Amino acid sequence: MKKEDLKALLEDMSIEEKIGQLVQIPGFFLEGESITTGPAAEMGFSPEEIYSAGSTLSVFGRDKIKKIQDEFIKHHPHHIPLLFMGDIINGYKSIFPIPLAQGCSFDPDLVMRLASMAAREASVSGLTVNFSPMVDLVRDPRWGRVMESTGEDSYLNSVLAEAIVKGYQGDNIADHEKMAACVKHFAAYGAPVAGRDYTGVELSERTLRDDYLPSYKAAVDTGCELVMTSFNTIDRIPASANTKLMRDILRGEWEFDGVLISDWAAVSELVNHGIAKDDKEAATLAMRAGVDIDMCTPVYIKNLGNLINEGIISETMLDEAVLRVLNLKNKLGLFENPYHFSEDTKEEEVILCSEHRALCREAAEKSMVLLKNKESILPITDPDKKIAFIGPYVSEKHIFGAWSLLGDEKDVISVEEGVKNLKLKNKITFSKGCGRLDERYELYSFRGLESEEKTDEQRALEQAVKEAGDADIVVLMLGEHPGMSGEAGSRGDIRLLRKQRKLFKEIYNVNKNIVTLVFNGRPLDIKGIVNRSKAVIDAWFPGIEGGNAVARMLFGLCSPEGRLSMSFPYCVGQIPVHYDSFSTGRMYDGDKTNRFQSRYLDIPNEPLFEFGYGLSYTEFEYSDLTLSKNEMSKSVENDTITASVTLKNVGDRDGCETVQLYIRDMAGSVVRPLKKLKGFKKVNLKAGEETKVYFEINTQMLKFTDINMNYSAEPGTFRVFVGGSSSTDEYCEFELL
Ligand code: BGC
């Protein structure tokens, strides 16, 4: 439809119809037999209101969507199609590793291909908008939603946000296999006080701008069509009523002209927050702040009409919001083809096709992180070794993250199956050892819990101990239940559950050759397990091909290359712990006799494993870090310095290294972080091979929010670090003039 036609359509719509476009109704309203008696009626929506809605969410399946759309268009006064939205966070049915694990791949191309695959499966099934990417910067592993983020670093998150948006949207969202992306949760949802979901966020404006906002901006700059507000407050103002965030920064500074949608019920929650006295005031505040769509409450539909009649909200403001929604529908091509998908592409040919499964496996392999490998116990290459696979994850199929709404266990390869697929000569046993959950957690209803079979704990333990005693190597497969992370999945104690720790202890008593694999949705407090294991791999929630990927990793058919996208704390007391912390007036210099320094008396300052850390089956050596010159000038346009380093694979296996560039601004008008990631490159090297790796440094990379709140680079000394993790201490310096 042409722009003029869209405007004409808008002019022809009644106020009620226009308001309808700003209302999102839950999918279950439309799925029942009758909307006059179903849940919609219970929530007070009349049939006319339902048939004026602009969008819905969480309806899955092409036939169902087509039926609903046909029915809907028939009833709608202007036959305007619905937008079908959904949360396709780590795959539609071809489920791949959770976003935090994808962050560990440090591989934007892979992440883009994954997003593209997810969009392909989701859009052939009728979805048009994806509530992803979630790019909230995360520093607190107690918060369950860290699994949905790509991690603790603003640069990595920004690069991956761009990759995901490109993967979903391609060049044209009208393409049958593309969909519109919705970046969330704007803003700073990843910093809830004490890691408890839905609590407030306390950040200085400088921290917000320098650390938390860049990844949302990266998505917006890539052309992301929608933005979702967050549940939290910022500076004591709920994000969903935050004019500064949305009108000033998002629409003003960043010139975002797409659709802004609230998070689920976040508009009505303005009343719970205590900043609106009733729904009417909540609608006023959200509209004024710029929220176009009210997700799943009757607040807009019941109040906007009166607010316009009373002149509290102008019709111009309403029209602007409606036009943005219509514009999105138009860009998706829905006025020409309301189903978006092409009749020629069949769901059954696309979903879970072999190409998609292969990509899921590649992603699982590239995102696992080898945390320890003493005596090179891994990979296991000796066919004479007897191996006991023990633990609740050995034959578990529920190994996808909390948001895998369409994930189906029947499509999953368990570790046991993955190992059997390799047809090894080794003598191998498999046993469960214990259940996944403690009673305390069983109180909560988790998806997948229904199928959690009860374990005879005593028998399972005895059998496991016996098998461990007879084996040369024990592979212990432990972890969290996927329901323990994700939304409303905060934990105060992030150790493995008691029964799993007990299992570990009993096994350790009979066999010290332990390789531990952890399945998890967050960095865990696992120092006890790490200390007593010979090797540890973090497998995260790897998705449908997880079992194949784990088996191939253990037996050396692929080599670990993941790097942590979020630090593992030494213990909960250290949280939040992240690599880009600041200088203090009393930095700890390692002198334990000097009490008055910034340190804990009982634990180290350093995390258990830092951001960017991860081992390989081979070893890499860095040398000759050099800068092309030692001065760069702000006044010379496009001035750059090239940092180079020699990287050599000094081990006896081929491998892939993630070379990381960090910069430290030695003195600024405000305190500067000790290090900031500014670039990374993945380099594949054969055993013995060496190469030069180059990074270009420009003034843009040196900018921050200065003392006057300007985004600028200040003259002075900069330290350039290049190495294999954020703890690298090899550096060179240059002056910015
Ligand atoms: C979550 C969002 C999600 C929305 C729709 C909310 O509870 O916070 O991330 O997109 O539900 O499912």
Side-chain angles (χ1 to χ4, degrees), residues 23-31 39 53-60 82-92 98-100 115 118-119 122 127-138 143-150 161 164-165 168 179-192 195-201 215-216 219 224-234 238-240 259-270 272-273 286 291-297 299 401-407 444-447 483 485-490 521:
V23 177
Q24 174 155 86
I25 47 173
F28 55 81
F29 279 18
L30 301 162
E31 291 189 52
S55 57
T56 186
L57 82 172
S58 299
V59 183
F60 301 112
L82 275 171
L83 288 163
F84 287 86
M85 308 197 185
D87 295 86
I88 309 303
I89 308 301
N90 36 253
Y92 183 78
I98 56 172
L100 194 59
L127 290 182
T128 37
V129 175
N130 195 356
F131 293 135
S132 172
M134 186 278 214
V135 301
D136 304 327
L137 186 112
V138 288
W143 192 50
R145 302 196 79 167
V146 301
M147 55 125 330
E148 291 174 59
S149 161
T150 47
I164 299 173
V165 172
Y168 293 150
M179 64 198 308
C182 175
V183 64
K184 65 189 188 185
H185 305 84
F186 192 70
Y189 183 37
R196 183 156 53 85
D197 208 1
Y198 314 127
T199 56
V201 165
S215 47
Y216 308 104
C224 188
E225 294 289 346
L226 298 93
V227 173
M228 186 189 291
T229 70
S230 54
F231 289 129
N232 54 280
T233 56
I234 290 196
S240 305
V259 172
L260 182 57
I261 184 169
S262 79
D263 201 347
W264 183 293
V267 175
S268 75
E269 286 172 17
L270 297 176
N272 302 352
H273 276 293
V291 177
D292 297 326
I293 300 181
D294 170 13
M295 187 194 289
C296 297
T297 78
V299 171
W403 273 104
S404 315
L405 301 178
L406 287 124
Y444 303 101
S445 57
F446 292 148
R447 181 166 178 273
S485 54
E487 185 170 351
S490 297

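Indexing begins at 1, ligand by ligand and atom by atom, following the structure's order. Keep in mind that this is a model prediction, so the values were computed, not measured.
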> Looking only at heavy atoms, which two atoms of Gln24 and Thr56 are closest? And how far apart?
Replying inline: NE2-O, 3.5 Å

>> Using a 4.0 Å cut-off to any heavy atom of Phe231, which atoms of ligand 1 qualify?
In response: 7 (O), 8 (O)

>> Show me which atoms of ligand 1 lie under 4.0 Å from any heavy atom of Lys184.
In response: 2 (C), 3 (C), 9 (O), 10 (O)

> Non-hydrogen atoms of Met228 versus ligand 1: any pair closer than 4.0 Å?
Replying inline: yes

>> Which of the numbered atoms in ligand 1 are under 4.0 angstrom from any heavy atom belonging to Leu57?
In response: 5 (C), 12 (O)

>> Below 4.0 Å from ligand 1: does a non-hydrogen atom of Arg145 turn up there or not?
In response: yes

>> Need the ligand 1 atom indices (1-based, order shown) with element for anything under 4.0 Å from a heavy-atom of Glu487.
In response: 1 (C), 6 (C), 7 (O), 8 (O)

> Between Thr297 and Ala265, which heavy-atom pair has the shortest distance, and what is it?
Replying inline: CG2-CA, 3.3 Å

> Rounded to the nearest 0.5 Å, how far apart are CE of Met179 and CE of Met85?
Replying inline: 10.0 Å

>> For Val165 and Val183: C-alpha separation, side-chain torsions, deciding distance, then whether side-chain contact (heavy atoms from CB on, under 4.5 Å) applies.
In response: CA-CA 8 Å; Val165 172; Val183 64; 5.6 Å; no

>> Looking at every non-hydrogen atom in both residues, tell me the closest pair between Asp136 and Gly190 and how far apart they are.
In response: CB-N, 3.6 Å

> His185 heavy atoms, cut-off 4.0 Å: which ligand 1 atoms fall inside?
Replying inline: 2 (C), 8 (O), 9 (O)

> Does Tyr189 reach ligand 1, in the sense of a heavy atom lying below 4.0 Å from it?
Replying inline: no

> Of the options Thr229, Asp263, Asp87, which is the one that meets Lys184 in a side chain to side chain donor-acceptor pair (under 3.5 Å)?
Replying inline: Asp87

>> Ignoring hydrogens, what is the shortest heavy-atom contact between Arg145 and Phe231? Give both atom names and the distance.
In response: NH1-CE1, 4.3 Å

>> If you compare all heavy atoms of Cys182 against all heavy atoms of Val129, which two are closest, and at what distance to 0.1 Å?
In response: CB-CG1, 4.3 Å

> Is ligand 1 less than 4.0 angstrom away from at least one heavy atom of Met85?
Replying inline: no

> Among protein heavy atoms, which sits nearest to atom 2 (C) of ligand 1, and what does the distance come to when rounded to 0.1 Å?
Replying inline: Asp263 OD1, 3.3 Å

>> Just to confirm my output: which protein heavy-atom neighbour is closest to atom 5 (C) of ligand 1, and how far is it?
In response: Asp87 OD1, 3.3 Å

